[in-house]
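Below you'll find the structure, written out as structure tokens, and then a few comments.
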Number of protein chains: 2
Amino acid sequence: MSTGKLTRKGEARRKEILEVFHDVLSCEGLEGASMSKVASRMGVAPSLIMHYFPSKEEMVVALVDHILARYEETFLPRLRGIGDPEERLRAATDLLLGPEWPGLVDEAVFYACYSLGFRDRRVRESFRRMYARLREVLAEEIAALMDEGAVVRGDPWNAADLVITLLEGYDFYRGVMEGEKHFEDFGRFLRETVLTLLGTGGEKELGVSPSQVQARQVPSGEAAASYTRAASAEKARGPGGGARTR
Amino acid sequence: MSTGKLTRKGEARRKEILEVFHDVLSCEGLEGASMSKVASRMGVAPSLIMHYFPSKEEMVVALVDHILARYEETFLPRLRGIGDPEERLRAATDLLLGPEWPGLVDEAVFYACYSLGFRDRRVRESFRRMYARLREVLAEEIAALMDEGAVVRGDPWNAADLVITLLEGYDFYRGVMEGEKHFEDFGRFLRETVLTLLGTGGEKELGVSPSQVQARQVPSGEAAASYTRAASAEKARGPGGGARTR
DNA sequence: AGCATAATTGAATGTTCATTCAATTATGCT
DNA sequence: AGCATAATTGAATGAACATTCAATTATGCT
């Protein structure tokens, strides 16, 4: 985009530089990561790095787009094949809250980039755009569920925001609690909770980690408490009517 | 703790240094914050900084404890005066998700410190300890509610983890979406949602942002869908029976 | 008042950094 | 084959950095 002529070799170099920079950033953080270290780790002259990225800021901005794209390139295609809206939403939340997601991008790198967003306008806007797109997709999915089964009610935008909040809170919390035994339990609990909240959770009850369920009676009628399952309809308008966000 | 003899003046200097460092960190990030800048901003010799903090790492570790303590010093006393467990839990979530919380510590500083936790053992453990304590308090509150009204059911530990997840996800999401009109709506929605989830939400329904509620019928019986309000009891054991966490 | 100790200075060290520039080598196009 | 252009080198620059040390000033205690 911003770079001049690049041959195939040049494109590969550019990508290689970003990947090495990713590694250095993972090990040393924003404070310790430098173009010199990238160069020396690659065994090339520092000036070569600057041939591809005119400044350190350009490099980190490019890295942000690179890692955020990785999320989207994983998320969107995963839903394409699925026809049933309920299954699609379940696949989405399973992916976002599952074991694969945190492995997509190094956590240290992700949060270093996120924290940079408070100082760098372009970084901030890259993040904002990505979450706006994710929000759009999620709201669309939830709205599709509403149109079909009338299982979900309420504002799909709020529901989408809630899913994003749970996703990011869970990732954040993992950074703190990973390795603690209780955190795994909570992961299972959360994956079920979000499904039940969205009305695709089947018969399960909320509030109890599956690992703790033992021979319990499910009250017949409205077992799964869920904001997705109630009377008032008011058919909240779904998304898709253009860019309401930006 | 780790510092030698400090006079009152010395203590004040130490605190002043941490506060200036906080400001520099907020403006320049971990990459740009240096002991030299702290010194020059204070108009003192760089060696004076090193008299109080023998290395940059000591300084940032001290800052982390400083800002994390700010959260706890705000949170804990706020609950002390309140006798009713239901009111206490509401006060807790109102504080954690309300407008005051994000103003306690600069977001840029907070996330810079958090991201440092991926590389620095002591930083990581400070965070872990703080969240473990918050988790303990929240679970205790929720368990107290269970013992009293039997409104809440399920595992209080999972519920506490869920509140923390929502709290941190919300803060993270604010960093991305602050300023967007929809984010304010979502904030109101989330504050009501968490209360309803925990069973202290009164008559409100879930799923619709309050700003969108307009003359709607609340079905009499079990209006508020909530995992806190259902049949099976199974009196999950509350916390307080020692350090189950660490 | 005087002494121990803490607070503070100021200068110096060597390192690493981003960035520059001109020169050289490799590559692709016609 | 040859020429334009891209890829790469290597050396050099100056700034900012964390850290050191010895010397000086302020403070508090008895």
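Side chains included, hydrogens not; waters and symmetry mates left out as well; all remaining heavy atoms used. Chain letters run A, B, ... following the sequence lines, proteins first, then strands; residues in each count from 1. All figures in this text were calculated on a predicted structure; none of them were measured in a lab.
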* Structure fact -> Separation between CG (A:L96) and CD1 (A:I164), nearest 0.5 Å, reads 8.5 Å
* Structure fact -> Between the OH atom in B:Y170 and the CZ atom in B:F183, the distance rounded to the nearest 0.5 Å is 4.5 Å
* To do: Inspect the surroundings of CD in A:E184 and state if more than 12 heavy atoms from other residues, nucleotides or ligands are less than 6.0 Å away.
  => no
* To do: Inspect the contact between B:R119 and A:E31 and indicate whether a charged nitrogen and a carboxylate oxygen are less than 4.0 angstrom apart.
  => yes
Nucleotide [N], atom [atom2] - distance to [atom1] of [X] in whole Å:
X     : N      : atom1 : atom2 : result
B:K37 : C:dC17 : NZ    : C1'   : 12 Å
B:E57 : D:dC17 : CD    : P     : 19 Å
A:E31 : D:dA16 : CD    : C1'   : 16 Å
B:M35 : C:dG10 : CE    : P     : 18 Å
A:L30 : C:dT16 : CG    : C1'   : 17 Å
A:R14 : D:dT8  : CZ    : C1'   : 18 Å
A:M59 : C:dA18 : CE    : P     : 8 Å
B:I49 : D:dC17 : CD1   : P     : 13 Å

* Identify which nucleotide among D:dT20, C:dT9, D:dT9 has an atom closest to any side-chain atom of B:M50, counting heavy atoms from C-beta outward. => D:dT20
* Given D:dA18, C:dA7, D:dA6, which nucleotide is nearest the side-chain atoms of A:K5? -> D:dA6
* **Pair A:R90-A:E141, side chain to side chain contact (heavy atoms under 4.5 Å, CB included): steps then yes or no** => CA-CA 10 Å; A:R90 169 185 270 275; A:E141 291 300 328; over 6 Å; no
Check this one for me: any side-chain N or O of [X] less than 4.0 Å away from OP1 or OP2 of [N]?
X     : N      : answer
A:Y52 : D:dT8  : yes
A:S36 : C:dT16 : no
A:R13 : D:dT8  : yes

* Determine, step by step, whether A:Y131 and A:E168 satisfy the side chain to side chain donor-acceptor pair (under 3.5 Å) criterion, reporting the C-alpha distance in whole Å, the side-chain angles of both residues, the deciding distance to 0.1 Å, and the verdict. => CA-CA 11 Å; A:Y131 283 102; A:E168 295 308 332; 2.8 Å; yes
* Structure fact -> Result for 5'-nearest mapping on DNA chain D, choosing between B:S55 and A:V44, is A:V44
* Where is the tightest heavy-atom contact between A:W157 and A:A139, given as atom of each residue plus distance? -> CE3-CB, 3.7 Å
* State, to 0.1 Å, how close B:C113 and B:V123 come at their nearest heavy-atom pair, and which atoms those are. => O-CG1, 3.4 Å
* Take the C1' atoms of the five end pairs on each side of the helix from C:dA1-D:dT30 to C:dT30-D:dA1, get both axes, and report the angle to 10 degrees. => 30°
Could you list all N or O pairs between the protein and nucleotides 21-29 of chain D that sit under 3.5 Å apart?
unit_1	atom_1	unit_2	atom_2	d
D:dC29	OP1	B:R8	NH2	3.3

* Toward the 5' end of DNA chain C, by each residue's nearest nucleotide, B:P46 or A:A33 -> B:P46
* Between A:F172 and B:Y114, what is the ring plane arrangement, given parallel below 30°, perpendicular above 60°, and tilted in between? -> parallel
* Asked: Parallel, tilted or perpendicular: which fits the ring planes of A:F75 and A:W101, with parallel below 30° and perpendicular above 60°?
  -> perpendicular
